[in-house]
Number of protein chains: 2
Amino acid sequence: MSKQVLNFAAGPAALPREVLAKAQSELLDYAGSGISVMELSHRSKEFEGLLNRAIADVKTLLNVPDNYKILFLQGGGSTQFAQVALNLLGAKEGNSADYLVTGTWSLKAYEEAKRYGTINLAFPLPANKKYVTVPPQSEWKLNPAASYVYYCANETVDGVEFDFVPETNGVPLVCDMSSNILSRPVDVAKYGLIFAGAQKNVGPSGVTLVIIRSDLLDVKQHPATPIMLGYKLMAENNSLYNTPPTFAIYICGLVFEHLKALGGIAEMNARNDRKSQALYAAIDNSNGFFTSPVVPAYRSRMNVPFRIRGGDDALENKFLKEAEAQNMIQLKGHRSVGGIRASIYNAISEDNVTQLVAFMNKFLAANNA
Amino acid sequence: MSKQVLNFAAGPAALPREVLAKAQSELLDYAGSGISVMELSHRSKEFEGLLNRAIADVKTLLNVPDNYKILFLQGGGSTQFAQVALNLLGAKEGNSADYLVTGTWSLKAYEEAKRYGTINLAFPLPANKKYVTVPPQSEWKLNPAASYVYYCANETVDGVEFDFVPETNGVPLVCDMSSNILSRPVDVAKYGLIFAGAQKNVGPSGVTLVIIRSDLLDVKQHPATPIMLGYKLMAENNSLYNTPPTFAIYICGLVFEHLKALGGIAEMNARNDRKSQALYAAIDNSNGFFTSPVVPAYRSRMNVPFRIRGGDDALENKFLKEAEAQNMIQLKGHRSVGGIRASIYNAISEDNVTQLVAFMNKFLAANNA
């Protein structure tokens, strides 16, 4: 029996134990084939079966309308930053798009897209470079002639999450949901394209889930688009134009089955509400010992960054060290913002959060001199 | 005990049983960490340790000189087709490269590179579109002002393998070794860049091994190069610019350790000589019942395509069906060329090949009416 570890990593993140146990049990013999799932040809009936089940399960879990394609691609969110621009900027003549920059990842997406067209910021970057809120939609400047509007639904580093879907008045909406997909219901019909690097709420690293509205497959690509970065080619080939990351897709499929068995996204949503409320309550009830930098309405339910005594490095290091001694790992904030960060994706149970809160309260009592 | 299956797939291909068993044994608890290797943060000491061991093992196995970088990237060989051109065409003013097209994969690389510069064929494509040989080097037309010379060391579909290293008189040599890397010694110093999709001789799909000479990192990129397709950025970040395919890299690392324990590349080379000789002997000694389409000097030691009775579809289907009944799977030739293909990478043992040869001889005796 190995020790119990609570892994609060931002990604690659904890996976459901049941999924890992299932993968372990059949690692040498997938579904009676006599070979490992890693050894299955991507052209075999067995692999196409598991790929198509994974696609069907995404459609079921997220209630995806029929006019959307589900793709499993490589390269992570960082590749999507270019792929979105290369494939979609040409939708209208101005070759332009509007970006809502609310944190580290949407900023990176913006910087990459600028290399391929005219990219407008819907609102200015924060002067102090700290991302703690979503400006009111009434203040946004959106261009009706934009090819698309881009945003990141949940900023993993900064802990800023949208609690609404931006209104774009018909301009296709593109969203990076890497760190909150499958955590809450999504009205997919409001989106042109959704992507998510798997390594947070979906599966292991090395595969990116893309949900794209079919009409967007016909937008004229940037002429320099590498063939592998064409959504249309991948959609036409059911993600099998070349060899896909087969094992990563398999694990994603096991996660989808697991979520369905637990009650689907509605159940995850309820759990994530309770988990995040418990954690923010511990912060807010600490009399300023713990502080969340994020405006309450936009606090992420997935990634909870906080500081101790306003950013006391020594005390934060003590917290991290004592947490690790309790087998609570990966609580260090992203190096760009410092402090503490607890990522509490679907695979983190309510009991795990209860243990973290108990530890925080104990630490508070011992150190609130 | 699961049935014994001989998996002659071209990729994703068989992996060493010992590697899979090791991965299975520690799937829930990597090196005493209490978590799965899939759950390790790519910024954790554990992951950086396994990544750096994998890099060191590649250097040891292939005797890589110090002025080369080892990268683990995403997107497979098909992404490299663009990435090579985007990163290296600018090495000289003409923005040109010479391509040796000897099969399906070098043809695809050529088609992709043409989108980014002036690409010359060193020798004409075969008029009948059948790739069965390497034209004599005395007939090649190489441009001394080319930025690089590109070739594919082993054509997986067509079964054509170079038995020599092209002489480029100082022009950087770029090679797709996806299907024969680690199967034979390589004088890395003769190359500017080597890449290999892992899913044949290295590991599972979803990761690509790149070996690049450091001076080539400073070539001016095509301005439209997606940031994720920059070799320099990946080299500067030790393949950790973004989240890499951590589990796939881990399995590659286990394969490297396994190969080292077996005696390294010299031992693999000797085994692959014996395996391929046994298989080609069965073909050549069949009095024309089995035929290899490839000129003997360039017959692949990794992928052995052959026809039965000159391409008798019914008989070939019978062969495939009877083989499958013997648990010999994935022997169907690529759909573009038809017939039979046995891929006999490192993970296929000499005994496996002996069993295949015995089956072929039995089939010959029963059907050579």
Within residues 80-90 of chain A, which positions have a heavy-atom distance to chain B below 4.5 Å?
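Within residues 80-90 of chain A, near chain B: A/A82, A/L86.
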One pair to check against side chain to side chain contact (heavy atoms under 4.5 Å, CB included): A/Q199 and B/H42. What are the steps and the verdict?
CA-CA 11 Å; A/Q199 69 273 15; B/H42 59 301; over 6 Å; no
Report yes if the side chains of [X] and [Y] come closer than 4.5 Å at any heavy-atom pair, otherwise no.
{"X": "B/P226", "Y": "A/E112", "result": "yes"}
{"X": "A/F247", "Y": "B/M38", "result": "yes"}
{"X": "A/L20", "Y": "B/E39", "result": "yes"}

Quick check on [X] against chain A: is it the side chain, the backbone, both or neither that has a heavy atom closer than 4.5 Å?
{"X": "B/Q24", "answer": "both"}
{"X": "B/L73", "answer": "neither"}
{"X": "B/A248", "answer": "neither"}
{"X": "B/A347", "answer": "neither"}
{"X": "B/L15", "answer": "both"}
{"X": "B/K200", "answer": "neither"}

State, to 0.1 Å, how close A/G34 and B/R17 come at their nearest heavy-atom pair, and which atoms those are.
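Looking at all heavy atoms of both residues, the closest pair is O-NH2, 3.7 Å.
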Could you tell me which of [options] has the largest number of non-hydrogen atom pairs under 4.5 Å with chain A?
{"options": "B/N242, B/I227, B/I251, B/I35", "result": "B/I227"}
{"options": "B/P204, B/A198, B/A13", "result": "B/A13"}
{"options": "B/G203, B/G75, B/G76", "result": "B/G75"}

Evaluate B/S44 against A/Q330 for side chain to side chain contact (heavy atoms under 4.5 Å, CB included), listing each step before the verdict.
CA-CA 8 Å; B/S44 65; A/Q330 294 292 339; 3.8 Å; yes
Worked check of side chain to side chain contact (heavy atoms under 4.5 Å, CB included) between B/Q74 and A/T79
CA-CA 10 Å; B/Q74 292 189 61; A/T79 297; over 6 Å; no
